[in-house]
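See structure below.
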Amino acid sequence: MAPSLDRRGYWGRPTSTLDWCEENYVVSFYVAEFWNTVSNLIMILPPIFGAIQTFRDGLESRYIFSFLGLAAVGVGSWCFHMTLLYEMQLLDELPMIYSTCVFVYCLYECFKQENSISFFPITLLLMFSILVTVVYLQWKEPVFHQVMYGALVACLVMRSIFIVTWVYPWLRPLAYTSLGIFMLGFLLWNIDNIFCDSLRASRQTLPPGVGVVTQFHAWWHIFTGLGSYLHILLSLQIRSTYLKYRPKVKFLCGVWPTLHIEPQRTS
């Protein structure tokens, strides 16, 4: 995806099947794609806080796994973009499949009895994850991974729209904000891929501080990380509302949204 003529750095020649549009080893000798690396912080730190808060609220472990799954994607993506090694690429891409399967389970099982476990969807999602993993390890085609990931996201979108249309319409703002932010990231991801040559040429003429803004793959991390985080909050709010808890959105430092669950009302 990126032209050649990149610098060589600490991790040696890239072995990954993808090399993104950011110029390699420009900012640091030790980080192949600096901005694509540090932009993953949004997928690491807030989800860890969310997992801790979910644990403190005593909520179901599936939501702790959702937050930790998103954090795992952020860590894997950090390692991938820092090194551009194939093994680290797998550490990025495969957790995307696994964590999204957890999201799907949470959203499609949100109207069940508390602490219930549905083995049929778990089995289906587990088989899907294993199949994708086996095929992808043998057939190293990034488009296959992208299509499989897109299919899971489509399941989430359809289920979310159904719930906020027919069940909890007052959750539409959160659902559509999450979806809109995620789709904005997807748009920038495509622009970064399609117009890479033009973007790289523009960075040669722009001041460094301005050129950073054109690192659209880094923006993809930021927007999809935020969109995914908001989706987990949406899933949590749907579940806690069904269980007759009192979910309340609070803003950490007046900026970052978090969900706090108050105890169930007693009659």
- Item | Shared hydrophobic cluster, I122 / V132 (ILVMFWY, side-chain heavy atoms < 4.5 Å) | yes

- Task: State yes or no: do L94 and L126 share one hydrophobic cluster built from I, L, V, M, F, W and Y residues joined by side-chain heavy-atom distances below 4.5 Å, directly or via other members?
- Result: no

- Message: For residues 148-164, which residue pairs pass the side-chain hydrogen bond (donor to acceptor under 3.5 Å, both in side chains) check, not counting sequence neighbours?
- Response: none

- Item | Same apolar cluster (I L V M F W Y, side chains within < 4.5 Å links), M127/Y136 | no

- Task: For atom CZ of F182, decide whether the heavy atoms of other residues, nucleotides or ligands shown that lie under 6.0 angstrom number more than 12.
- Result: yes

- Rounded to the nearest 0.5 Å, how far apart are CD1 of I238 and CG of L243? 12.0 Å

- Task: Consider only side-chain heavy atoms of I, L, V, M, F, W and Y, link residues closer than 4.5 Å, and tell whether L156 and F65 are in one cluster.
- Result: no

- Please name the pair of heavy atoms, one in L85 and one in F80, separated by the smallest distance, quoted to 0.1 Å. O-CD1, 4.1 Å

Throw together a table of side-chain donor-acceptor distances under 3.5 angstrom for residues 67-79, partners on residues two or more places apart or in other chains.
from : atom 1 : to   : atom 2 : distance (Å)
S77  : OG     : N40  : OD1    : 2.9
S77  : OG     : N40  : ND2    : 3.2
S77  : OG     : H221 : NE2    : 3.4

- Joint cluster assignment, L187 & F195, ILVMFWY side-chain distance < 4.5 Å: yes

- Query: Distance-only, no hydrogens or angles: does the T54 side chain make a donor-acceptor pair with backbone N or O of L59 under 3.5 Å?
  - Reply: no

- Message: I want to check something: taking the side chain as every heavy atom from C-beta on, are I261 and R246 in contact at a cut-off of under 4.5 Å?
- Response: no

- Rounded to the nearest 0.5 Å, the CZ atom of R203 sits from the CD atom of E22 at a distance of 7.0 Å

Could you pull out all donor-acceptor pairs under 3.5 Å where a side-chain atom in residues 225-236 meets a protein atom, sequence neighbours excluded?
from : atom 1 : to   : atom 2 : distance (Å)
S228 : OG     : T224 : O      : 2.8
Y229 : OH     : W256 : NE1    : 3.2
Y229 : OH     : P257 : O      : 2.8

- Could you go through the side chain to side chain contact (heavy atoms under 4.5 Å, CB included) check for H145 and M96 one step at a time? CA-CA 9 Å; H145 169 268; M96 291 172 65; 3.8 Å; yes

- Query: Which atom pair, heavy atoms only, marks the closest approach of F144 to V135?
  - Reply: CZ-CG1, 3.5 Å

- Message: Tell me whether T214 contacts the main-chain N or O of V210 through its side chain, where contact means a donor paired with an acceptor under 3.5 Å.
- Response: no

- Item | Which atom of L125 lies closest to which atom of C101, heavy atoms considered | CD1-O, 3.4 Å

- Task: Calculate, to the nearest 0.5 Å, the distance between atoms CD1 and CD belonging to I97 and E93 respectively.
- Result: 9.0 Å

- Message: I need the full list of salt bridge (charged side-chain N to carboxylate O under 4.0 Å, His left out) pairs touching residues 123-146, with sequence neighbours left out, sorted by first then second residue.
- Response: none

- Query: How long is the gap from SG on C21 to CD1 on I194, to the nearest 0.5 Å?
  - Reply: 11.5 Å

- Note on the structure: Sequence neighbours excluded, the answer for ring pair (Phe, Tyr, Trp, His ring centres under 6.0 Å) partners of F128 is none

- Query: Looking at side-chain heavy atoms only, is the closest gap between V157 and V153 below 4.5 Å?
  - Reply: yes

- F186: what forms a side chain to side chain contact (heavy atoms under 4.5 Å, CB included) with it, not counting sequence neighbours? M183, W189, N190, W220

- Correct closest heavy-atom pair for L259 and Q53 would be O-CG, 3.9 Å

- Looking at residues at least two apart in the chain, or sitting in another chain, which of them share a side chain to side chain contact (heavy atoms under 4.5 Å, CB included) with I222? S39, I42, W219

- Message: Give me each pair satisfying side-chain hydrogen bond (donor to acceptor under 3.5 Å, both in side chains) with a member in residues 123-133, each pair once, sequence neighbours excluded.
- Response: Y98-T133

- Query: Given L84 and W11, is the side chain to side chain contact (heavy atoms under 4.5 Å, CB included) satisfied, shown in steps?
  - Reply: CA-CA 8 Å; L84 290 181; W11 301 100; over 6 Å; no

- Which residue pairs pass the salt bridge (charged side-chain N to carboxylate O under 4.0 Å, His left out) test when at least one of the two sits in residues 213-240, sequence neighbours left out? E60-R239

Report, one line per pair, each donor and acceptor closer than 3.5 Å where one atom sits in a side chain of residues 102-111; sequence neighbours left out.
from : atom 1 : to   : atom 2 : distance (Å)
Y105 : OH     : S118 : N      : 3.1
Y108 : OH     : C155 : O      : 2.8
E109 : OE1    : K112 : NZ     : 2.7
E109 : OE1    : S118 : OG     : 2.5

- Shortest non-hydrogen pair, M82 vs T37, comes out as N-OG1, 3.3 Å

- What's the spacing between E23 CD and W35 CH2 if we round to 0.5 Å? 12.5 Å

- Query: Are side-chain heavy atoms of L90 and L137 found at a separation under 4.5 Å?
  - Reply: yes

- Message: Nearest 0.5 angstrom please: Y30 OH to Y10 OH, how far?
- Response: 7.5 Å

- Query: Apart from M158 itself, what residues make up its hydrophobic cluster, given side-chain heavy atom links below 4.5 Å?
  - Reply: none

Using residues 162-176 as the side-chain source, report each donor-acceptor pair under 3.5 Å to any protein atom, sequence neighbours left out, with the distance given to one decimal.
from : atom 1 : to   : atom 2 : distance (Å)
T165 : OG1    : I161 : O      : 2.6
R172 : NE     : V164 : O      : 2.9

